[in-house]
Amino acid sequence: MARRGDEPPEAGRPTPAGRSAPPAKRRRRKRRGKRTRWPSVARPAADAAGGSAAADAAPRDPAAAPTPPAPPEAPVAVHRDAAAASTPGDHPPAQRIEAEPRDPAGAARRDDRTGRCDRPDTVDAEPPADAPRGEPVDRVHPRRADEPSLRPRHHPHERHRDPGHHVPHVEPGRPRASGPLYAALDLGTNNCRLLVAEPWHQGFRVVDAFSRIVRLGEGLSRTGRLSEAAQDRAIEALRICRGKLDARGIVRARLVATEACRAAENGVEFLERVRREAGLTLEILTRETEARLAVTGCANLVDWNADGVLLFDIGGGSSELVWMEFGEGRRAGGDPTRHIRAWTSLPVGVVTLSERHGGVAVGPQVFEDMVADVDRLLAALPDWAPLAERLARGEYHMLGTSGTVTTLAGVHLGLKRYDRRRVDGTWLTDDQVGAMIDRLLAMEFEDRVANPCIGGDRADLVLAGCAILEAIRRRWRCGRLRVADRGLREGMLTELMIGDGVWRRPGRWPRRSTPRD
């Protein structure tokens with residue numbers, strides 16, 4: 001049997017007497033540094049052995065070798081950079097795999113992204129026709145059945161060619177869930193929001209999220225009822241949320257409705273319609289529970305070195321305010337709601353205030369009228385009278401969780417596109433907050449629509465939110481404001497996980513509910 005490399009040397013090449021040309025050897029690229037090895041599915045040993053035997057049995061003499069017939073079709077390789085874009089959702093549509101014909105010569109292809117050579121996994125028995133005989137040929141040999149892959153077969157969020165691989169397909173940009181999943185849904189006066197997360201160390205990690213402006217409370221301040229158009233928009237968004245909950249396999253969930261359903265005459269009828277048409281059962285939160293959950297969700301952003309915090313949540317139909325006072329002893333850790341000294345819920349939000357005064361053409365006089373309406377509600381709070389004196393003597397800061405303050409932070413940072421990672425936790429001085437309010441007030445409606453941090457959905461509501469914030473600032477002046485892009489949903493998730501004890505016994509979800517024998 002002819003062996004590889006036994007062919008006679010080319011004419012004119014000096015060869016030591018009595019010795020034949022050395023056999024051709026595969027040139028192995030030197031690996032530098034530590035490389036990540038992804039486990040791959042090994043091919044059957046019979047296929048590998050057959051491929052090796054075929055390679056050894058192939059003739060090497062061009063004169064003796066018959067002309068091979070043309071292959072019917074070139075082998076197909078999966079391009080590792082061809083991950084199809086998926087639409088937002090739980091189950092992205094089946095990703096299309098881009099196929100490209102493999103090089104018949106088995107030559108290495110360079111990956112434009114990584115700069116590495118990507119070699120096919122199959123073998124070509126014959127070297128290229130124009131390769132000089134006797135020269136070492138850069139061949140590609142089949143992997144053994146027990147040989148691991150020497151390169152990452154795919155990125156975690158891309159498709160792979162090996163069926164049965166243990167890495168699941170996930171939506172790009174969303175982490176794979178490895179623990180139990182919890183969900184929190186908040187149907188407010190203006191937004192419908194869903195958050196899906198899993199316990200992660202001493203917190204949780206977001207796995208999926210959904211948010212849509214539905215304006216459920218549109219016209220509520222005039223008629224006292226939820227309109228049919230607003231109900232249809234909300235139910236359409238809730239159907240999407242139901243699909244996400246079904247696809248994710250949620251362990252526990254809390255689904256709530258807030259001020260719009262609390263204040264509407266037909267709020268209970270609407271929730272019954274949601275149960276029939278969307279398959280979701282929502283509970284109506286009380287104002288006190290809503291304020292408490294906002295504190296729980298924003299506790300990580302509290303400056304525990306301060307003397308106290310004034311937290312506010314400007315919603316679509318109501319605005320919650322919480323006065324937190326820190327005494328001596330332990331501050332951080334434990335239940336943050338134990339520091340609550342007073343709380344209130346104002347029956348005014350960005351939707352109700354903009355419907356009352358208008359949100360498109362807002363001049364200085366209209367803005368001052370909005371501020372006066374909110375200030376009259378703040379003046380009627382007897383439990384909050386000592387707060388002004390405390391603010392003058394101690395070190396307090398504001399903590400705002402609403403679309404209004406996140407918009408102000410985005411405009412202040414000059415973001416070309418809203419980025420939650422940069423906005424959440426941002427500190428603004430009182431002068432910067434006032435400058436941002438004046439800047440938005442000077443904008444025309446078209447300019448607010450064109451701003452990437454406002455957009456058409458919030459252009460007629462943002463100044464109403466600024467008026468509520470301005471009324472709070474004028475009555476209780478603080479030197480600093482911290483922006484929170486979190487709140488009610490995060491508070492519900494935290495309480496659900498605490499109830500299951502997921503952080504008491506690391507690695508065991510949920511906590512054992514039955515006593516040991």
Side-chain angles (χ1 to χ4, degrees), residues 182-197 204 211 214 216-217 220 226 234 238 241 245 250-265 267-268 270-272 274-275 280-302 309-325 334-352 377-378 381 383-384 399-403 468 472 484-502:
Y182 294 77
L185 186 146
D186 170 24
L187 179 60
T189 306
N190 191 47
N191 285 73
C192 176
R193 297 187 179 98
L194 172 69
L195 199 63
V196 180
F204 57 81
S211 179
V214 296
L216 180 61
L220 178 62
L226 303 177
L238 290 172
C241 296
L245 294 175
I250 305 299
V251 172
R252 289 187 63 191
R254 189 172 186 182
L255 319 176
V256 302
T258 55
E259 182 62 26
C261 294
R262 279 197 302 256
E265 298 176 1
V268 177
F270 166 69
L271 294 185
E272 180 61 25
V274 169
R275 188 189 63 80
L280 298 176
T281 302
L282 277 65
E283 62 170 309
I284 299 179
L285 279 187
T286 64
R287 291 183 173 91
E288 181 180 2
T289 303
E290 187 173 356
R292 176 177 54 81
L293 290 173
V295 172
T296 304
C298 299
N300 290 338
L301 296 182
V302 172
V309 172
L310 175 57
L311 184 146
F312 61 88
D313 181 2
I314 303 175
S318 66
S319 298
E320 283 67 42
L321 282 79
V322 180
W323 175 9
M324 300 177 64
E325 189 85 20
D335 185 6
T337 60
R338 72 183 188 273
H339 299 292
I340 296 178
R341 173 165 177 174
W343 70 272
T344 188
S345 179
L346 306 178
V348 62
V350 294
V351 175
T352 56
L377 297 175
L378 297 177
L381 300 176
D383 297 339
W384 291 68
L399 180 58
T401 164
S402 65
I468 297 175
I472 298 174
D485 192 349
R486 60 182 73 189
L488 183 60
R489 294 174 301 164
E490 289 78 5
M492 289 190 289
L493 288 174
T494 301
E495 291 196 349
L496 288 175
M497 295 179 188
I498 290 176
D500 284 351
V502 297

Fill in: V302 and L311: CA distance, side-chain angles, deciding distance, side-chain contact (heavy atoms from CB on, under 4.5 Å) verdict
CA-CA 9 Å; V302 172; L311 184 146; 5.8 Å; no

Discussion item. For E272 and R275: C-alpha separation, side-chain torsions, deciding distance, then whether salt bridge (Lys or Arg N to Asp or Glu O under 4.0 Å) applies.
Written reply: CA-CA 5 Å; E272 180 61 25; R275 188 189 63 80; 2.4 Å; yes

Practice prompt. Assess whether side-chain contact (heavy atoms from CB on, under 4.5 Å) is satisfied between L194 and L245, documenting all intermediate values.
Written response: CA-CA 9 Å; L194 172 69; L245 294 175; 4.1 Å; yes

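The CH2 atom of W323 sits 11.5 Å away from atom CG of L381, with the distance rounded to the nearest 0.5 Å. Here the straight-line distance linking atom OG of S319 with atom CD1 of I468 works out to 4.0 Å at 0.5 Å rounding. Note that CZ of R338 is 8.5 Å distant from CE of M324, once rounded to the nearest 0.5 Å. Rounded to the nearest 0.5 angstrom, T352 OG1 and E259 CD are separated by 8.5 Å. The distance from atom CD of E495 to atom CE of M497, rounded to the nearest 0.5 Å, is 12.0 Å. How far OG1 of T286 is from CG of L293: 8.5 Å, rounded to the nearest 0.5 Å.
Closest of all the heavy-atom pairs between L493 and A197 is CD1-CB, 3.9 Å. Shortest non-hydrogen contact noted between L238 and C192 is CD2-SG, 3.8 Å. Considering every non-hydrogen atom in both C241 and L185, the closest pair reads CB-CD1, 3.6 Å. Listed here is the closest heavy atom pair of L216 and C261: CD2-SG, 4.2 Å. In terms of heavy-atom proximity, L226 sits nearest to A264 at CG-CB, 3.6 Å. Between L282 and A257, the shortest heavy-atom distance links the atoms CD2-CB, 4.3 Å.
L187 places a side-chain heavy atom less than 4.5 Å from the side chain of F270. The shortest side-chain heavy-atom distance between V351 and L220 does not fall under the 4.5 Å cut-off. In this structure, the side chains of L321 and L378 come closer than 4.5 Å at one or more pairs of heavy atoms. At least one side-chain heavy atom of D500 sits under 4.5 Å from a side-chain heavy atom of Y182. Contact annotation: the side chain of T296 approaches that of T337 to within less than 4.5 Å [non-hydrogen atoms, C-beta and beyond].
The backbone N or O of L285 lies less than 3.5 Å from a partner atom in the side chain of R262, making a donor-acceptor pair. Counting only distance, with no hydrogens or angles, the side chain of T401 and the backbone of R486 share a donor-acceptor pair below 3.5 Å.
Annotation: side-chain hydrogen bond (donor to acceptor under 3.5 Å, both in side chains) contacts of S211 (sequence neighbours excluded): none.
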Just distance, no hydrogens or angles: give the donor-acceptor pairs under 3.5 Å from side chains in residues 340-347, sequence neighbours left out.
from : atom 1 : to   : atom 2 : distance (Å)
S345 : OG     : E320 : OE2    : 2.7

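Remark: of the listed residues D186, V196, V256, D186 is the sole one forming a side-chain contact (heavy atoms from CB on, under 4.5 Å) with R489.
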